[in-house]
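The structure under discussion appears below in the form of structure tokens.
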Amino acid sequence: MANLFFENSTRTRFSFEVAAKRLGANVLNFDTESSSLAKGETLQDTLKTFDALGIDIGIIRHSDDHYIESLKDKFHFSVINAGAGKFEHPSQSLLDLYTMKEEFGDLNNLTITICGDISHSRVAKSNINALSMFKTKIILTGPTELMPNKNSLSSNCEILPPDEAFAKSDVIMLLRVQHERHALYDLDIDSYNRLYGLNNDRIKLLKPNAIIMHPGPFNRDVEITSELVEHKQSRIFKQKENGVYTRMAILEWMVHE
Ligand code: CP
């Protein structure tokens, strides 16, 4: 398989690599900086080259919302979406749901708050879609500028202020502000943490069995106060571990499909 990341990544790229190696696959790691893209080769010709080399699976990340979708049936290899712009991040969503299931045994009847830059987050969109397949309640919270249009929300989804959202939820999923995708929000770190972040005051509102999640990369002292990253209710690093198991399952499923 080939890791073809045309946008930065640490977790997704390396957990797909670890997953593939645990399953005995050979992994090619493409590096945009040192590749022939720098000599003017197109992305399409780069992918055709990997096709000619005979890869079975291409794991692709791209900053455009629909580029990965547009590759359907164009090559002999199977494509795994490793993050598409601000549109979707399916493997992240599967590992997030797995982490919730591992914690609570069942996804039905859970209340999940997603807090932060919902409008520009592929993680939020994929999780809202996947969680809506279960009997879940989804609460969105964060700066008004970064919330989706209320009219676009499904019936299991509502927007609430952070304190109310955090107090009601079984899962608090924090997101970072996606500065690389927009300049809508002029972030002041201290006021963001005070108004929307999980800080030492807001942690007291959480239910005793609620869990804290973050897909990463996280910005310490912005969406989460640094010392809370490894709080006993945090599953942030558990998510990274579960990412390997989930991606092993995705790869196995693709090979046997
Ligand atoms: N969660 C996530 O997609 O992280 P990376 O951007 O580091 O892959």
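Note that ligands are numbered from 1 as they come in the structure, with each ligand's atoms numbered from 1 the same way.
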Salt bridge between R11 and E17, side-chain N to carboxylate O under 4.0 Å?
no

Check the pair D96 / S93 against side-chain hydrogen bond (donor to acceptor under 3.5 Å, both in side chains), numbers first and verdict last.
CA-CA 5 Å; D96 288 343; S93 181; 5.8 Å; no

Which pairs count as ring-ring contact (aromatic ring centres under 6.0 Å, His included) when at least one residue sits in residues 140-172, sequence neighbours excluded?
none

Give the minimum heavy-atom separation between A165 and T113, together with the two atoms involved.
O-OG1, 3.3 Å

Pair listing, salt bridge (Lys or Arg N to Asp or Glu O under 4.0 Å) test, anchored in residues 158-171, at least two apart
K137-E158, D163-R202, E164-K168, D170-K207

Can you sort out the partners of F237 under side chain to side chain contact (heavy atoms under 4.5 Å, CB included), two or more places apart, ordered by chain and number?
F218, V229, E230, K240

For ligand 1, protein residues within the heavy-atom limit of under 4.0 Å are S9, T10, R11, T12, R61, H89, Q92, P215, G216

